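The first residue in the sequence is number 1, and the count goes up from there. Note that this is a predicted model, so its numbers are computed, not measured. One-based numbering, in listed order, for ligands and for the atoms of each.
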Amino acid sequence: MRIPIATGGRMKDQPGYDVVVVGGGPAGSTAACLLGEAGHSVALLERQVYPRDKICGGCLSQKTIRFLDRALSLPVDLLQREGLLDFTGRGYALYIRDHRILAGDLDEPIYFTRREHYDAYLARKAGETGAELHTGAEVVAIDHARGIVTTSDGGRYSARVIVGADGVHSRVRRTLPEGIAERERWQGNLGWTLELVIPRKEVEALADERGVIRLDADLATPHLVFAVCRWGYGWVFPNKEAIVIGLGGLLSKNGSGFRDRFKAFLKLVGLSAFTDRKPAGCSLPLGNYIPTPAHARTVLVGDAAGFTGPLLGEGIFYAHRTAELAAHAIDRHLTTGAPVAGTYSTLLDRRLIPELRAETAFRNILYHGLDARMHAPLAAFVQAMKDPVIDAVQGARSFQGFQRDDELHSAVW
Ligand SMILES: Cc1cc2nc3c(=O)[nH]c(=O)nc-3n(C[C@H](O)[C@H](O)[C@H](O)COP(=O)(O)OP(=O)(O)OC[C@H]3O[C@@H](n4cnc5c(N)ncnc54)[C@H](O)[C@@H]3O)c2cc1C
């Protein structure tokens with residue numbers, strides 16, 4: 001239902017919407033898509049113009065692949081046909097510094113996407129469900145009590161429900177009452193990342209034969225390297241035309257030395273020729289999820305609420321999944337009047353938070369062990385736990401006791 005709002009001065013007033021979604025990354029587009037499909041009027045407000053890039057490794061685990069198929073009717077062969085899967089592989093290599101602790105082939109492949117294509121495609125898909133897409137103007141103010149969202153070009157959008165899907169620095173979150181995001185917990189588990197995308201041809205020509213970790217000749221194997229920063233890891237991910245090299249860890253544990261650690265990581269993997277290149281930097285939630293990310297008519301999803309896997313910072317799946325849970329709560333609210341904040345929080349409590357808590361506990365064991373330089377016992381532990389841990393990362397098992405558990409994947413509609 002559309003609710004016209006009063007015109008104010010020279011502002012461009014938009015018709016009222018059931019839902020205004022702020023931010024058009026995977027979380028925002030998923031919410032817009034599902035709510036549009038359910039017949040609600042939706043405005044999706046994205047400050048950039050597609051195709052826009054987002055610093056990201058672009059790794060899609062089986063968790064995400066399964067979600068895309070089930071909830072958005074995007075099976076893997078369609079993703080392939082649409083050109084959204086840039087690279088696919090089963091190989092992997094895992095290191096603690098220069099010591100290779102695991103390597104081999106996964107049962108199920110992992111995929112890599114390019115975010116400029118992925119995000120543009122999902123936003124377009126949301127548009128096809130009837131959601132109105134407004135790009136190129138930033139949301140600058142939110143009046144939560146009246147449900148009015150104002151953009152930098154003077155647009156005013158009234159909404160019965162507001163979805164904050166505007167990423168890790170979320171303006172929507174920062175305009176909610178202080179207690180929603182406990183500041184100390186948020187800061188204590190906030191990560192920092194640096195990432196460099198190097199054309200594959202350059203890597204092939206300049207890879208340093210003396211790199212302590214020798215990347216595979218085809219540059220087709222994702223590498224994860226622990227103990228190159230504290231409470232985080234380095235990665236080398238293959239793309240079709242490029243190699244993505246990154247380093248990410250908790251800010252509170254690493255201080256300001258990230259750039260030097262990144263250079264050291266490049267040297268470790270034989271890419272010292274690229275230490276003069278300036279990597280892109282970006283914050284990343286790493287365990288600072290907000291357990292109750294909702295207040296009155298406003299809900300937060302994805303990075304805006306700190307939802308990523310605390311072990312590896314995998315966030316695309318959690319962006320999609322929290323948006324799905326929020327969309328369900330919003331649909332219930334719009335159709336039955338059930339309180340949106342309460343329904344969303346209950347769904348999170350039941351379907352997501354226990355898993356994130358268990359993953360955090362696993363992460364803490366791993367990183368405390370690395371801090372204590374217990375590399376050999378940790379290597380033995382990871383080798384012994386290889387299959388369940390890989391299954392948990394891929395979403396075939398839960399981190400809670402490494403049992404098979406479909407709570408992460410079950411439909412809510
Ligand atoms: C270096 C790095 C590597 C990563 N690698 C991976 C990986 O390999 N796999 C994985 O699963 N996850 C990865 N992640 C995490 C993943 O990128 C995020 O978790 C994911 O993008 C979250 O999606 P989102 O939709 O919540 O937020 P975003 O993708 O950040 O989208 C938010 C959107 O909101 C818009 N926006 C922000 N403010 C406003 C405003 N005021 N008004 C209007 N629009 C606004 C932004 O322009 C943006 O489009 C990585 C993150 C980093 C930093």
Side-chain angles (χ1 to χ4, degrees), residues 20-32 43-65 67 86-87 110-116 118-120 122-123 133-142 149-153 155 157 163-175 190-197 222 224 232-235 237 239 244-249 258 262 279-286 289 293 300-309 312-323 326 393 395:
V20 168
V21 180
V22 182
S29 291
T30 301
L44 177 58
L45 312 181
E46 166 55 47
R47 70 176 168 194
Q48 297 195 55
V49 174
Y50 299 105
R52 64 102 181 87
D53 207 0
K54 153 82 177 79
I55 304 171
C56 186
C59 180
L60 304 177
S61 68
Q62 285 292 325
K63 278 209 271 285
T64 319
I65 293 295
F67 179 92
D86 184 75
F87 201 92
I110 47 173
Y111 300 88
F112 294 89
T113 189
R114 301 273 307 273
R115 289 291 298 273
E116 67 263 46
Y118 188 78
D119 289 22
L122 291 174
L133 198 51
H134 300 258
T135 60
E138 187 172 2
V139 168
V140 290
I142 303 114
V149 175
T150 308
T151 49
S152 53
D153 60 355
Y157 300 79
V163 178
D166 47 344
V168 64
H169 298 298
S170 171
R171 185 181 289 268
V172 179
R173 182 183 69 244
R174 284 181 283 125
T175 55
L190 188 62
W192 180 249
T193 59
L194 291 174
E195 198 173 76
L196 198 56
V197 180
L224 298 190
Y233 63 101
W235 61 90
F237 285 169
N239 278 190
V244 181
I245 295 126
L247 184 75
F258 257 97
F262 186 67
C282 187
S283 301
L284 171 70
L286 266 179
Y289 58 89
L300 301 173
V301 292
D303 274 14
F307 285 114
T308 68
L312 299 176
E314 176 188 7
I316 298 172
F317 169 77
Y318 293 95
H320 287 305
R321 179 64 167 164
T322 53
V393 169

Taking both backbone and side-chain atoms of [X], is any N or O found less than 3.5 Å from an N or O belonging to ligand 1?
X: G28; value: no
X: S283; value: no
X: A137; value: no
X: G57; value: yes
X: G315; value: yes
X: F317; value: no
X: E314; value: no
X: F307; value: no

In the protein, what heavy atom is nearest to [atom], and what distance, to one decimal place, separates them?
atom: atom 52 (C) of ligand 1; result: I55 O, 3.6 Å
atom: atom 30 (O) of ligand 1; result: K54 CE, 3.4 Å
atom: atom 11 (O) of ligand 1; result: I316 N, 2.9 Å
atom: atom 1 (C) of ligand 1; result: T193 OG1, 3.4 Å

Which is closest to [atom] in terms of heavy atoms, [options]?
atom: atom 47 (O) of ligand 1; options: E138, R52, E46; answer: E46
atom: atom 29 (O) of ligand 1; options: R47, H320, Q48, R115; answer: R115
atom: atom 23 (O) of ligand 1; options: G302, G58, A319; answer: A319

Using 0.5 Å steps for rounding, measure from the [atom1] atom of [X] to the [atom2] atom of [Y].
X: Q48; Y: E138; atom1: CD; atom2: CD; result: 9.5 Å
X: I316; Y: C56; atom1: CD1; atom2: SG; result: 4.0 Å
X: R114; Y: N239; atom1: CZ; atom2: CG; result: 6.0 Å

Parallel, tilted or perpendicular, as decided by the 30° and 60° cut-offs, for the rings of H320 and F67: parallel
Plane angle bin for F112 and F237 - parallel if under 30°, tilted between 30 and 60°, otherwise perpendicular: tilted
Counterpart residues, salt bridge (Lys or Arg N to Asp or Glu O under 4.0 Å), relative to E195 (two or more places apart): none
Ligand 1 atoms in contact with [X] (distance to a heavy atom under 4.0 Å):
X: L284; result: 15 (C), 51 (C)
X: A165; result: 32 (C), 33 (C), 34 (O)
X: G313; result: 12 (N), 13 (C), 14 (N), 15 (C)
X: G167; result: 27 (O), 30 (O), 32 (C)
X: F237; result: 8 (O)
X: L45; result: 43 (C), 44 (N)
X: W235; result: 1 (C), 3 (C)

Non-neighbouring partners of D166 that pass side-chain contact (heavy atoms from CB on, under 4.5 Å), sequence neighbours left out: V22, S170, R171, V172, A304
Where is the tightest heavy-atom contact between [X] and [Y], given as atom of each residue plus distance?
X: L247; Y: F262; result: CD2-N, 3.6 Å
X: P26; Y: D119; result: CD-OD2, 3.6 Å
X: G248; Y: T193; result: CA-CG2, 3.9 Å

side-chain contact (heavy atoms from CB on, under 4.5 Å) between L284 and V168, intermediate numbers included: CA-CA 7 Å; L284 171 70; V168 64; over 6 Å; no
